[in-house]
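Letters A, B, ... mirror the listed sequences (proteins, then strands); counts begin at 1. When reading the values below, keep in mind they use all heavy atoms of this one structure, side chains included, and skip hydrogens, waters and symmetry mates.
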There are 2 protein chains.
Amino acid sequence: MNCTGLSQNAILDRLKESGCRITAPRKALVASLAESHTPQSVIELHAAANKRIGTPTDPEPVNLVTAYRFVNLLETQGLARRIDFAQGYARYEPTHPDDAHHHHHIVCDQCGKVEPFDDCDVDELSARIEARSGFVVMRHQLELYGKCADCSREP
Amino acid sequence: MNCTGLSQNAILDRLKESGCRITAPRKALVASLAESHTPQSVIELHAAANKRIGTPTDPEPVNLVTAYRFVNLLETQGLARRIDFAQGYARYEPTHPDDAHHHHHIVCDQCGKVEPFDDCDVDELSARIEARSGFVVMRHQLELYGKCADCSREP
DNA sequence: CTTTTTGCAAACATTTTGCAACTGG
DNA sequence: CCAGTTGCAAAATGTTTGCAAAAAG
């Protein structure tokens, strides 16, 4: 289970409340999303879901298209957050139950390791930019890139 | 001409110094990049370059593939910077002559307007994360999203 | 039984690659 | 002349869409 975001059941409950149907593919995708400790690509979620409920007879009960449609649903419902690490594809993580508690990530360029952090200073910067530019800042994306401890040891 | 990044001639000179050849497509692409005041997509650069040197007889003297190859060259040479606004494609801007002087952008979700800002607080945050996580932070991406002054007036 | 969801195929958008022809220096 | 550059066609990647069949409630 992921340590910061909505739990599997919380997501399923909120889906049901919204009148969405709970299906086997959705359960498997939600489970894969909720148990992950780092943001997952749609391809990773799709693979994890099929590993979870696939059988020798039917190794791929969840279609990739279904995964794409479902993450979009989760995002529009506010249950998952799309994150872009500039890798050419999007990643998703469960939203935090407390809406205000947002966090960011540091990504290792070498091994891809991702670690979250939640001490984010951007609010005062936002306020300054708002005052100066007339923009209303609604959200921000901040990602740090570098080398993780392991990768900094070797060249 | 863009007000913060390398000038057209500076880019061409540095290319020549590196042993790269200066061709008509490259001149047109560099001109398009250098004159832009906001980060440009490759498709935009390609269109601008062809508008610049295209003729009725040959409306597209610069191939899109050439544009892609060239922005990659500029990036590896440190002459352009790739920026990802999570729009499904990359944008490029000329790098700043002073390497340390980096900046970020605020993007209007509604009309796509982009404005740069250069008062960035992330350094102390980076230092804190480095100390705590063991990561060596090498760069960061920060983008603010919201509504520009014009778009906030109307719904 | 009705509406939502799924799977499949196919379309789409961006970016990359292989290769022969071309061209700048 | 010749290495570097280009254009074309084609492929690779990630994502979306149309539609009929399947399934949830």
Over how many whole Å does the gap from [X] atom [atom1] to [N] atom [atom2] extend?
X: Asn63(B); N: dC8(D); atom1: CG; atom2: C1'; answer: 7 Å
X: Arg82(A); N: dT16(D); atom1: CZ; atom2: C1'; answer: 11 Å
X: Glu44(A); N: dT15(D); atom1: CD; atom2: P; answer: 11 Å
X: Tyr89(B); N: dT15(D); atom1: OH; atom2: C1'; answer: 15 Å
X: Leu15(A); N: dT5(C); atom1: CG; atom2: P; answer: 9 Å
X: Phe70(A); N: dT16(D); atom1: CZ; atom2: C1'; answer: 18 Å
X: Leu73(A); N: dT4(C); atom1: CG; atom2: P; answer: 12 Å

Nearest to the side chain of Tyr68(A), heavy atoms from C-beta on, is which of dT15(D), dA24(D), dG24(C)?
dT15(D)

Looking only at the side chain of Arg21(B) (C-beta and beyond, no hydrogens), which of the listed nucleotides dG7(C), dT16(D), dG25(C) gets closest?
dG25(C)

Any chance the side chains of Gln77(A) and Ser18(A) put a donor and an acceptor closer than 3.5 Å?
yes

Please state whether the rings of Phe117(A) and His104(A) are parallel, tilted or perpendicular, taking 30° and 60° as the class boundaries.
tilted

With a 3.5 Å cut-off and heavy atoms only, can you find an N or O donor on one side and an acceptor on the other between the side chain of Arg69(B) and the base of dG7(D)?
yes

Nearest-nucleotide comparison on DNA chain D, the residue closer to the 5′ end among Cys20(B) and Val65(B)
Cys20(B)

Ignoring backbone atoms, establish whether Asn72(B) has a side-chain N or O less than 4.0 Å from OP1 or OP2 of dT15(C).
no

Short side-chain N/O contact to dT6(C) OP1/OP2 from Thr23(A), under 4.0 Å
yes

Just so I know, are the side chains of Leu73(A) and Phe70(A) near enough to count as touching, which here means a heavy-atom distance under 4.5 Å?
yes

For Gly88(A), which contact category applies under a 4.0 Å heavy-atom criterion: base, sugar-phosphate, or nothing?
sugar-phosphate

Only one of Val42(B), Val71(B), Asn72(B) passes side-chain contact (heavy atoms from CB on, under 4.5 Å) with Arg82(B), and that residue is Asn72(B)

